[in-house]
Amino acid sequence: MTMEVVSEARSHGGRQMVVKHASAATGTDMVFSIFLPPQAEGGAELPMVWYLSGLTCTHANVTDKGEYRAACAEHGLIFVAPDTSPRGPEVPDAEGWDFGQGAGFYVDATEEPWAANYRMWSYVTDELPALVAAEFPVDVGRQGITGHSMGGHGALTVALRHPDRFHSVSAFAPIVAPAQVPWGEKAFDGYLGPNRSRWRAHDAVALIEDGARVPDLLVDVGDADPFLERELRPELLERACASAGISLQLRRQAGYDHSYHYISTFMADHLRWHAERLI
């Protein structure tokens, strides 16, 4: 698979890269960022943490504002951040910011006109991991995943459905039960159709209720997050994990909102938590 390095910069002794490649899954060019810590210079295969971004974001939001590089350099973690949807003038889009381009919800759409391009589940679980493993010094046996908001939803569902691949999972302000909140209902109805039984495979709370398991979870939410009560509903995840015997560390951070000011504050904590399980 041909890839193009769009940019590269030295940071914390490592290399921050932005990469573009043609995607068979989405039928478009896709862009992702990858940070290779200084430990990668010797050619050793390193553990990797995936970061899935939220609504309206691209790879650039966390790359520019996430403040992850120092912690990745300390722990020897590769950090990969894909885009949130296919993009381009030929890709279907919708009015508003919570559906269409920038809002792929990490599902493979089955409804028209979205089905041809909006295949973000296949992209982040199959195609991009294969490319990264082929081109960079990653240890595929030591992978973790995290994400924010819509990307927190993606991180939880990807890990719950691939427990043998991902040995650590965390999330910042995740949409834990998208089938029960407006953002998710809009996205799932548009991408997957009105049959709600098909939505359960992309709903973390439903997956846990249906038997999916991971050993433990770290989740941060800000108690000043304007989306907390209507869209995020962390109490539903808390209840599901308690019933399933999953160890959940749910931290309600006083005074923090939904922004990258909040994410960057606790990013090092999350990466340390991942490193403890991957190294």
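It should be emphasised that the depicted structure is a prediction, and the values quoted were computed from it without experimental measurement. Along the sequence shown, residues are numbered consecutively beginning with 1.
Side-chain N/O atoms of S33 and H59 include no donor and acceptor closer than 3.5 Å. Between the side chains of T110 and R198, at least one donor N or O sits under 3.5 Å from an acceptor N or O. Judged purely by distance below 3.5 Å, without hydrogens or angles, the side chains of D225 and H258 pair a donor atom with an acceptor atom. Side chains of S122 and D108: a donor-acceptor N/O pair is present below 3.5 angstrom, by distance only. Side-chain atoms of Q180 and R233 form no donor-acceptor pair, as typed in the model, at a separation below 3.5 Å. Between the side chains of H202 and T157, no donor-acceptor pair of N or O atoms lies under 3.5 Å.
Here the side chains of F32 and L131 are in contact, with some heavy-atom distance below 4.5 Å. Here the side chains of L55 and F105 are in contact, with some heavy-atom distance below 4.5 Å. The side-chain heavy atoms of L156 and V169, taken from C-beta on, include a pair separated by under 4.5 Å. At a threshold of 4.5 Å between non-hydrogen side-chain atoms, the residues V219 and S170 do not count as touching.
Under a 4.5 Å side-chain heavy-atom cut-off, the cluster of Ile, Leu, Val, Met, Phe, Trp and Tyr residues that includes M267 is completed by F35, V49, Y51, V62, Y68, L77, F79, F172, Y256, Y260, Y262, I263, F266, L271, L278, I279. The other members of the hydrophobic cluster of V6, by chain and number, are V18, V31 (side-chain heavy atoms under 4.5 Å, ILVMFWY only).
Formation of a donor-acceptor pair under 3.5 Å by the Y123 side chain with backbone atoms of A24 is not found in this model. Between the side chain of R251 and the main chain of V221, no donor-acceptor pair closer than 3.5 Å is present. In terms of modelled atom types and a separation under 3.5 Å, the side chain of S23 and the main chain of A25 share a donor-acceptor contact. With hydrogens and angles ignored, the 3.5 Å screen pairs no side-chain donor or acceptor of D139 with any backbone N or O of L46.
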Compile the donor-acceptor pairs under 3.5 Å between side chains in residues 181-190 and protein atoms, sequence neighbours left out, one pair per line.
| from | atom 1 | to | atom 2 | distance (Å) |
| --- | --- | --- | --- | --- |
| E185 | OE2 | R196 | NH2 | 3.0 |
| K186 | NZ | D98 | OD1 | 2.7 |

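Classification of E41 and R15 as a salt-bridged pair fails, no side-chain N sitting under 4.0 Å from a carboxylate O.
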